[in-house]
Amino acid sequence: MTDSETEITADLVHDLLQEQHPDLAGLAIREVAGGWDNQQWRLGEELAVRTPRTERAPDLQRKECRWLPVLAPRLPLPVPNPVRTGEPSARFPRPWTIMTWVPGEPLGHASISRGDHAAGTLAGFLRALHVEAPVEAPTSSDRGAHPNKCTDGFDHFFQAVAPRGTADEVRAVWDDAVAAPEWEGPPVWVHGDLHPANVVVSDGTLSGVIDFGDLFAGDPAWDLAAAWVVLPAGAASRFFDVYAHADEATIRRARGLAALKSLFLMLMGQNGDRGLPGGKPTWGPAGQAALDRVLRGDVM
């Protein structure tokens, strides 16, 4: 999963702060479990340090630092905002960032008990985010395409997980998404990676969205898949009623992409159970639950 040759520890983070942001070096530093491209550290009560641990992570951080200050003021939920930047040094060879901390527990470690409220909250957030992006907005090389361009990835996840008893149903959902018309609107801002680890929950409902490293301009269906991947059973209809801007073709693409994302979560869970690098044991049950919601089809 990672390619960093530098062991990232609390002592290292403290030293980096002491060297480049000494006014923050006295704050408590606590490791935050999880993360893929970045290792995250809680800094005091209101900040977080994100240290890259993959080759692509610095570019993702630069993207967040460029665009989150533009997007955050009009978004109705808290999102991370860059506060300071750290430069590569002899101690750590990559740039790093200090962001605002978004309070709450990641959905992967909590649950949504207020499904209707969460559906309306997520729909309102995505309505605010999904506006036409400027021409200089980033595009994505591995996300954002029509499902018909993602068949190799789907087949890989499908064969690796092999959902028992529902394989034909899952394949039918995917085939329907592949056959759906393409997005005909202008490219809109898309978070690109909405799943249980990237939304936070408080008081039984959504309270924030994190990790915008995959932000791009494109088809909103990639985010609308969260109606099944993030929200509890029975909430998708409420979500699309509040969102109000998704036509039938977009919902078909979104449902297929939700199946794709569910299989990916299941594969990461399977890898975690096997002790493989990059595996996330808690993602397996979340992926299976999401796939079950996809197959219920309470929208189409």
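What you see is a predicted model, and the numbers here were worked out from it, not measured in a lab. Values reported hereafter were calculated over all heavy atoms of this structure, with side chains retained and with hydrogens, waters and symmetry mates removed.
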Check your understanding: Relative to the ring of Phe154, is the ring of Trp174 parallel (under 30°), tilted (30 to 60°) or perpendicular (over 60°)?
Key ->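 Aromatic pair Trp174/Phe154 classed parallel.
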
request  = On the 0 to 90° scale, with breaks at 30° and 60°, tag the Phe239-Tyr243 ring pair as parallel, tilted or perpendicular.
outcome  = parallel

Using a strict cut-off of less than 4.0 Å between a Lys/Arg side-chain nitrogen and an Asp/Glu carboxylate oxygen, indicate whether [X] and [Y] qualify as a salt bridge.
X      : Y      : answer
Asp116 : Arg238 : no
Arg30  : Glu45  : yes
Asp37  : Arg56  : yes
Arg50  : Asp211 : yes
Glu87  : Arg94  : no
Arg84  : Asp23  : yes

Can you find a heavy atom in the side chain of [X] that is under 4.5 Å from one in the side chain of [Y]?
X      : Y      : answer
Trp222 : Pro147 : no
His195 : Trp283 : yes
Pro196 : Val229 : yes
Glu19  : Phe92  : no

Between Trp183 and Gly218, the two heavy atoms sitting closest are NE1-O, 4.1 Å

Atom [atom1] of [X] and atom [atom2] of [Y]: how far apart are they, to the nearest 0.5 Å?
X      : Y      : atom1 : atom2 : result
Thr54  : Gln39  : OG1   : CD    : 12.0 Å
Leu24  : Gln18  : CG    : CD    : 10.5 Å
Thr97  : Asn81  : OG1   : CG    : 11.0 Å
Leu194 : Leu206 : CG    : CG    : 9.5 Å
Trp41  : Leu17  : CH2   : CG    : 11.0 Å
Leu129 : Trp189 : CG    : CH2   : 8.5 Å

* Asked: Between Val200 and Leu107, is a side-chain contact (heavy atoms from CB on, under 4.5 Å) present by the stated rule, with each step listed?
  -> CA-CA 5 Å; Val200 297; Leu107 180 56; over 6 Å; no

Sorted by chain and number, sequence neighbours left out, salt bridge (Lys or Arg N to Asp or Glu O under 4.0 Å) with Arg143 holds for Asp193, Asp214

**OP:** Might you work through the side-chain contact (heavy atoms from CB on, under 4.5 Å) test for Lys63 and Asp59, ending with a clear yes or no?
**Re:** CA-CA 6 Å; Lys63 186 197 303 185; Asp59 285 339; over 6 Å; no

Evaluation steps, side-chain contact (heavy atoms from CB on, under 4.5 Å), between His21 and Ile98
CA-CA 10 Å; His21 300 284; Ile98 302 173; 4.0 Å; yes

| Residue list, side-chain hydrogen bond (donor to acceptor under 3.5 Å, both in side chains) with Asp155, at least two apart or on another chain |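 Asp155: side-chain hydrogen bond (donor to acceptor under 3.5 Å, both in side chains) contacts with Arg171.
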
If only side-chain N and O atoms count, and only distance matters, is there a donor-acceptor pair under 3.5 Å linking Arg127 with His245?
yes

